[in-house]
2 protein chains.
Amino acid sequence: MKRPTIADIAARAGVSTGAVSYALNGQPGVSESTRRRVLAIAEEIGWNPNRAARALSGAPTNSIGLVLRRPARVLGVEPFFMELISGVEAELSARSFALTLHVVRDPESEIAVYRRWWGERRVDGVLVCDLRIDDPRVPALEDLGLAAVVVGPDEGAGTLASAWSDDGAAVVEAVEYLATLGHRSIARVGGLPDLQHTGVRTAAFTDVCRRLGLADPVTIPTDYTGEGGAHATRRLISSRKRPTAILYDNDIMAIAGLAVAGEMGLAVPRDISLVAWDDSVLCQLVRPPMTAMSRDISAYGARAARLLLDVIAGNPVVSIRDEPAHLIPRGSTGPPRPDAGAGRG
Amino acid sequence: MKRPTIADIAARAGVSTGAVSYALNGQPGVSESTRRRVLAIAEEIGWNPNRAARALSGAPTNSIGLVLRRPARVLGVEPFFMELISGVEAELSARSFALTLHVVRDPESEIAVYRRWWGERRVDGVLVCDLRIDDPRVPALEDLGLAAVVVGPDEGAGTLASAWSDDGAAVVEAVEYLATLGHRSIARVGGLPDLQHTGVRTAAFTDVCRRLGLADPVTIPTDYTGEGGAHATRRLISSRKRPTAILYDNDIMAIAGLAVAGEMGLAVPRDISLVAWDDSVLCQLVRPPMTAMSRDISAYGARAARLLLDVIAGNPVVSIRDEPAHLIPRGSTGPPRPDAGAGRG
DNA sequence: CTGAAAGCGCTTACAG
DNA sequence: CTGAAAGCGCTTACAG
């Protein structure tokens with residue numbers, strides 16, 4: 001099939017291509033009757049604007065970019081990203097924006113992709129995930145002047161807009177819940193330690209444990225994988241001061257931890273309580289079902305996408321703070337046994 | 001920052017923009033020394049080709065599209081798609097191709113997106129997933145002449161190229177394994193029944209059960225969700241002719257089935273054996289770990305992407321048949337108890 | 001080997 | 001309200 005152009009429409013309608021352009025774009029400069037005629041013809045011959053031609057005349061490309069830098073096997077198993085993408089998509093498709101996705105290996109390639117996209121005029125803006133401490137992407141994006149929204153806490157986002165929730169408040173909720181159940185020794189299996197939001201959670205965890213007078217707040221850093229979670233759980237369970245409750249930074253690790261507890265002869269929650277972060281259906285599929293910090297990830301994605309579209313439209317930059325994750329109690333948490341914890345025996 | 005153009009390079013090098021273009025694209029028409037000078041300047045000023053301008057001159061857009069039509073919550077929890085995307089990406093980024101992703105609700109929108117992409121010249125080709133019986137997308141794509149590769153069995157793919165594995169062979173392997181363990185009554189919890197690959201599996205399942213003289217091969221169709229899998233499992237376990245083994249069409253449903261079996265007082269694998277399809281890490285995180293049909297999904301994605309690039313390049317259309325999934329035995333399968341199965345009691 | 005020019009399909013001041 | 005024309009940044013025959 002040959003792609004119809006505005007020249008075809010102009011010929012049929014007996015007007016200039018300029019008039020057709022005005023009519024199609026709802027600009028003043030054509031009579032109502034001409035506009036209607038043009039619109040009808042465009043519809044009839046199945047015309048679609050050639051993006052390249054529009055972009056060459058300075059129009060936005062109507063697409064945004066997302067670069068992910070987690071290993072493929074983590075991406076596959078982490079429901080987080082796909083849920084985020086679903087939410088982003090819901091917002092974009094309503095406005096006929098496209099999402100361009102790229103998976104890279106290292107931070108340098110990530111910046112190189114931004115530069116290339118900017119140079120190629122391939123995207124109007126980007127969503128930035130997994131912000132790190134002193135992330136070099138922030139100044140790079142600021143230099144380029146590429147519209148960008150950080151999906152994460154605004155700490156370290158520089159002049160870029162950001163959309164996230166208060167992870168610190170969520171950590172506090174989880175710890176206070178466990179403390180109320182009677183736990184005095186709570187450990188945490190954390191995500192990648194150089195991520196900004198991991199830092200936020202770790203700081204909040206340390207603070208609230210101190211404030212509540214709990215045992216030394218231990219956080220074991222991991223890479224978010226099931227193996228990482230299993231390994232950390234093994235270490236915690238076999239440590240001299242075994243905690244009575246563990247808070248995990250995602251749900252894959254929590255479920256791995258549940259299996260490890262079973263292997264090591266501990267009953268959940270009688271001997272140890274486990275709390276997952278992120279509440280994908282997995283948490284309800286295991287036995288006992290996992291108590292989890294639940295949040296609407298696809299809503300985050302939608303919110304971030306909307307913010308990015310605002311930034312692209314030139315609206316003033318504001319950062320959005322979404323609702324924090326909230327605790328859904330299920331079977332994996334309960335009061336500690338009076339004699340539980342190797343530190344007390 | 002202002003984007004540098006070939007005019008900038010031409011001015012610096014003291015040649016015409018045409019010469020710059022030839023030099024940059026490795027075309028004949030410029031001397032070696034000029035080429036080197038041009039390349040050096042382009043590198044120095046950080047030039048990137050403006051995609052829009054190139055596309056307007058008929059160049060490919062160097063991007064491919066993928067439209068997904070599963071509900072957002074399924075996408076999030078199904079490791080399949082993200083793994084597929086990882087594999088596609090691995091192949092694309094090596095050649096500087098971009099992936100444009102779109103999530104839609106119904107088949108009509110899916111075709112509308114193809115039409116729009118084609119009209120806009122937004123992508124050079126598309127990857128088509130979840131092919132259905134008499135899928136209207138196939139003739140639509142054939143009409144448009146948009147390069148396309150079906151990720152799935154070639155049944156129903158028409159003149160489009162396809163890349164998939166022999167799901168039938170895999171089903172046979174699973175059933176023969178269970179039969180060898182002594183199972184005579186095997187049921188299946190299938191995926192969406194109107195998907196082509198579900199049909200292939202169902203046909204193979206029916207055939208092999210008949211060939212081995214097993215009990216009536218029952219397949220319960222589902223929507224691939226954990227709830228769907230749980231519901232189907234409940235039905236099978238409480239049916240008068242309770243099977244001694246169940247084969248699931250994905251791993252989420254298998255894990256849901258494992259939980260249901262436990263709730264209903266059945267021990268796995270003593271009372272019932274369960275086999276998952278797709279072997280994400282989830283299968284190893286539950287207890288007992290799940291026997292699963294394992295396949296390298298990201299390799300499928302890479303293979304399909306490579307094939308699509310071939311099609312875009314105008315190479316002859318060939319369909320690829322990858323290695324079938326193969327069985328990884330774990331703790332969720334074993335011999336049936338002599339008295340197991342309500343049909344025998 | 002090189003330059004000048006047309007053209008891709010749009011948008012948008014600029015004249016009428 | 002409308003038309004003729006320039007321009008976006010490339011590519012590519014066409015002359016020299």
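Just so it is clear, the model here is predicted, and its values are computed rather than measured. Letters A, B, ... mirror the listed sequences (proteins, then strands); counts begin at 1.
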Are B/Arg295 and B/Glu323 within salt-bridge range, i.e. N to O under 4.0 Å?
-> no

So does A/Glu44 pair up with A/Arg12, basic N to acidic O under 4.0 Å?
-> yes

Whichever of A/Ala19 and B/Ala52 has the more 5' nearest nucleotide on DNA chain D, that residue is A/Ala19

For atom CG of B/Leu24 and atom P of D/dC10, their distance in whole Å = 9 Å

If each of A/Tyr22 and A/Ile6 is mapped to the nucleotide of DNA chain C with the nearest heavy atom, which maps nearer the 5' terminus, i.e. the 5' end?
-> A/Ile6

Using modelled atom types only, decide if a donor and an acceptor are shared between the side chain of A/Asn25 and the backbone of A/Gln27 within a distance under 3.5 Å.
-> no

Atom CD of B/Glu120 and atom P of C/dG9: how far apart are they, to the nearest Å?
-> 15 Å

Is the shortest side-chain N/O distance from A/Asn25 to OP1 or OP2 of C/dT11 below 4.0 Å?
-> yes

Determine whether more than 12 heavy atoms belonging to other residues, nucleotides or ligands lie under 6.0 Å from atom CG of A/Asp134.
-> no

Give A/Ser16 one of three labels, base, sugar-phosphate or nothing, depending on what nucleic acid heavy atoms sit under 4.0 Å from its own.
-> base

Does the side chain of B/Thr34 get closer than 4.0 angstrom to OP1 or OP2 of C/dT2 through an N or O atom?
-> yes

Measure from the side-chain heavy atoms of A/Val15 and tell me the nearest of D/dG3, C/dG9, D/dT12.
-> D/dG3

Could you tell me whether B/Gly58 contacts a base, only the sugar-phosphate backbone, or nothing, with contacts defined as non-hydrogen atoms closer than 4.0 Å?
-> nothing

In whole angstrom, give the distance that lies between atom CG of B/Leu56 and atom C1' of D/dG7.
-> 12 Å

Report yes or no: does B/Ser16 contribute a side-chain atom to a donor-acceptor pair with the main-chain N or O of B/Ala19 at less than 3.5 Å?
-> yes

Any side-chain N or O of B/Arg54 under 4.0 Å from OP1/OP2 of D/dT11?
-> yes

Please work out if A/Thr5 contacts a base, only the sugar-phosphate, or nothing of the nucleic acid, heavy-atom cut-off 4.0 Å.
-> sugar-phosphate

Send over the distance from B/Gln27 CD to D/dC10 P, rounded to a whole Å.
-> 15 Å

Which whole-number value in Å describes the distance from B/Arg122 CZ to C/dG9 P?
-> 18 Å

side-chain N/O A/Ser31 vs D/dT2 OP1/OP2, d < 4.0 Å = yes

CG of B/Asp8 versus P of D/dG9: gap in Å, rounded?
-> 9 Å

